Amino acid sequence: MTKIFLDTASADEIREFLSRGIGDGVTSNQKIFLAEGKVDFKQRVLEICAMRNDWPVSVETTTKGFDELVAEARLYAQWHRNVVVKVAMDKDGTGLKVVKKLHDEGIRTNMTVMVTLGQLFLAAKAGATYVSLFFNRARDAGLDPVKTIRDVTPALRRLGGAELIVGSIRKPEDVEEIVAAGADIATITPKVLNQMAFHPKTEETIKEFDDAWKEFVAKNKLAVPARVPLGAP
Ligand code: E4P
């Protein structure tokens with residue numbers, strides 16, 4: 001089954017979704033942290049890492065150049081064993097070199113901002129633990145990300161390494177397409193996760209059942225069952 005990662009750096013939202021049984025990992029990036037406002041970056045990463053045992057928490061590198069990126073990645077990886085370092089794909093191959101180096105050092109990576117099968121394939125070959133396809137950004141570029149998911153998934157299996165994360169999800173219908181195409185992981189924002197839980201027909205049905213029950217209770221002069229407090233034996 002497709003795993004769900006939480007595409008947010010909000011500790012409160014992550015705790016909320018974990019309490020609903022949702023969240024196999026976390027992804028973040030510079031824009032996601034910007035949306036958090038004033039926040040201690042390292043403390044927030046550590047707080048999220050500590051919320052579950054052995055769950056992957058992607059933290060994106062922000063520097064440029066091979067040496068700088070490797071140093072930044074090593075720093076984040078030392079913070080907590082759950083950190084997975086995000087490295088951007090780029091046209092000159094620096095990102096791939098960084099991913100290979102980190103792989104050789106045993107540091108897990110998530111190669112990111114990719115929109116084509118070719119990019120995903122190169123990232124997996126370089127030794128990325130996760131390869132990230134940006135679903136709607138691919139569509140914005142006139143590409144077919146559903147076909148990419150279908151085509152790359154068996155290729156990744158044959159390589160026997162990287163898992164596919166699909167991000168840049170804007171609406172519940174995207175998730176339906178991504179799951180049907182067989183992606184390993186969908187990384188989803190709290191906003192879209194909340195939209196996924198809602199349907200007006202479901203709400204209408206709940207109201208119909210509630211009204212029916214009120215009528216039944218009234219007709220049968222039924223005593224409403226006493227609430228059993230949580231935690232009672
Ligand atoms: C995935 O890892 C990214 O955080 C994310 O999904 C980016 O998508 P967007 O910038 O198009 O919203």
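Note that this is a predicted model, so its numbers are computed, not measured. Indexing begins at 1, ligand by ligand and atom by atom, following the structure's order. Start at 1 with the first residue, then count along the sequence.
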**Asked** Is the closest heavy atom of Arg137 to ligand 1 under 4.0 Å?
**Response** yes

**Message:** Less than 4.0 Å is my threshold; does some heavy atom of Ile32 fall inside it relative to ligand 1?
**Reply:** yes

Which atoms of ligand 1 have any heavy atom of [X] under 4.0 Å away?
X	value
Thr27	2 (O)
Gly167	6 (O)
Lys86	1 (C), 2 (O), 3 (C), 4 (O)

Short N or O distance, [X] and ligand 1, threshold 3.5 Å exclusive:
X	value
Thr187	no
Ser132	no
Asn29	yes

**Fill in**
Nearest heavy-atom contact between Asn29 and Lys31 is OD1-N, 2.9 Å

**Asked** Do you know which two heavy atoms are closest between Val175 and Ile188, and how far apart they sit?
**Response** CG2-CD1, 3.9 Å

Considering non-hydrogen atoms of the protein only, which is the closest contact for [atom], and what is the distance?
atom	result
atom 8 (O) of ligand 1	Ser168 CA, 3.3 Å
atom 5 (C) of ligand 1	Asp7 OD2, 3.1 Å
atom 7 (C) of ligand 1	Phe134 CE2, 3.5 Å

**Message:** Applying the side chain to side chain contact (heavy atoms under 4.5 Å, CB included) criterion to Ile48, which one of Leu6, Val26, Val59 satisfies it?
**Reply:** Val26

Under a 3.5 Å threshold, yes or no: a donor from one side chain and an acceptor from the other, between [X] and [Y]?
X	Y	result
Asp7	Thr189	no
Asp92	Thr94	yes
Glu72	Thr62	yes

**Prompt:** Taking the side chain from Thr2 and the backbone from Ile185, do they hold a donor-acceptor pair closer than 3.5 Å?
**Reply:**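 Checking the backbone N and O of Ile185 against the side chain of Thr2, no donor-acceptor pair under 3.5 Å is found.
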
**Message:** What I want to find out is whether Lys171 reaches Asp174 closely enough, with some N-O distance under 4.0 Å, to be called a salt bridge.
**Reply:**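 Yes.
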
